Amino acid sequence: MIDLHCHLDLYADPAQVVARCRERGIYILSVTTTPKAWRGTSALTKDCPRIRTALGLHPQLAHERIGELPLFESLLPEAKYVGEIGLDGAPEYQAHRREQSLVFDRILTATARAGGRVMSIHCRRAVDEVLDALSRHPDAGIPVLHWFSGTKGQLERAISMGCWFSVGPAMLQGKRGRDLATSMPPKRVLTETDGPFGMLSGHPLEPMDAQTAVNDLARLWGWDQADAYGMMRESFRELLLSG
Ligand code: MN
């Protein structure tokens, strides 16, 4: 199973979740929300080769953590993956738009200078702004848009710019999410959970729940589950090798 966007450090008992994931051989991109969390979160999985920790600064925290940009830049040479980063255009973050853009641009500049990274990107209500920023920094690496919820037109633009997508069970609950997932190029789609924020039936998702998304995607694409998962394994290998 593959979970390309999970916040392992934010579960009530991270060690227990990590132990379950290790037992089941789940591949995880463990994203962080602040540069300060990166070392501790990496240490949680130091004996788990299938789990990689991404260096992030979440857009919802950008205004509070802008002072951690130098730390982000100094850790970046050691971090093979970047995320969670991006922009959030929801009304409650309007007041912090400038800080968000500044932080995202600085991160993309640093990431391009470091040679590019696979990046897990948040783009809620800010798809155009995220894509504009990515086109200003074409050498920043491979963007993976997590939990994409834009329009069909924005999806087309993201696809034409080479974006990948990570899709989870919660996103596939609604018709809108399912329609978007149906229009994504299957070769550039991987599963995620966004746990513990991603929920299903009132419970925080865990990485093994990415199976639900594999089943849903296979059904939407009209494939059988083994074929859908087989292709994701190949895409995942390709993505990590390029990162
Ligand atoms: Mn997240």
Side-chain angles (χ1 to χ4, degrees), residues 1-12 14 17-18 21 26-38 40-42 44-45 51-65 68 72 79-90 92-93 96 100 103-104 107-108 111 117-127 129-130 133-134 141-150 158 163-174 177 180-181 184 189-200 202-210 212-213 236 239 243:
M1 202 42 48
I2 297 164
D3 186 348
L4 205 77
H5 184 110
C6 182
H7 299 267
L8 285 178
D9 59 333
L10 302 180
Y11 284 96
V17 178
V18 168
C21 293
I26 301 174
Y27 293 88
I28 301 172
L29 186 65
S30 163
V31 296
T32 55
T33 55
T34 70
K36 271 188 185 152
W38 188 70
T41 306
S42 303
L44 279 175
T45 60
I51 306 179
R52 311 288 174 85
T53 306
L55 173 64
L57 203 170
H58 198 288
Q60 294 173 355
L61 301 175
H63 58 290
E64 291 169 12
R65 302 297 187 125
E68 289 180 42
F72 183 99
K80 288 193 172 143
Y81 308 94
V82 163
E84 181 168 0
I85 58 168
L87 298 171
D88 190 309
E92 59 269 40
Y93 299 103
H96 307 301
Q100 276 193 25
V103 165
F104 191 40
I107 287 174
L108 293 174
T111 304
R117 295 287 188 272
V118 171
M119 303 176 285
S120 186
I121 299 181
H122 176 109
C123 57
R124 183 173 73 145
R125 294 193 180 201
V127 176
E129 293 82 351
V130 163
L134 290 172
I142 300 181
V144 184
L145 302 184
H146 120 80
W147 201 326
F148 182 90
S149 58
C163 292
W164 289 54
F165 304 90
S166 59
V167 170
M171 167 176 168
L172 294 168
Q173 280 291 96
L180 287 165
M184 290 172 180
V189 175
L190 291 165
T191 49
E192 68 164 37
T193 62
D194 200 17
F197 299 117
M199 315 252 291
L200 206 58
H203 296 286
L205 293 163
E206 286 196 18
M208 65 195 84
D209 298 317
T212 308
F236 179 69
L239 183 71

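Read the numbers this way: they start at 1 and go in the same order the structure lists the ligands and their atoms. Just so it is clear, the structure is predicted and the values come from calculations on it, not from any experiment.
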Asker: Can you name the residues that form a side chain to side chain donor-acceptor pair (under 3.5 Å) with S30, not counting sequence neighbours?
Answerer: none

Asker: Quick one: closest heavy-atom pair of P35 and L55, and the distance?
Answerer: CA-CD1, 4.0 Å

Asker: Tell me whether D9 contacts the main-chain N or O of T41 through its side chain, where contact means a donor paired with an acceptor under 3.5 Å.
Answerer: no

Asker: Going by chain and residue number, what protein N/O/S atoms come nearer than 2.8 Å to the Mn ion (ligand 1)?
Answerer: H5 NE2, H7 NE2, E84 OE1, D194 OD1

Asker: What heavy-atom pair brings A62 and L57 nearest, and what distance separates the two atoms?
Answerer: CA-CD2, 3.8 Å

Asker: Can any side-chain N or O of E68 pair as donor or acceptor with the backbone N or O of K36 at less than 3.5 Å?
Answerer: yes

Asker: Nearest 0.5 Å, what's the CZ-CG distance between R124 and L87?
Answerer: 12.0 Å

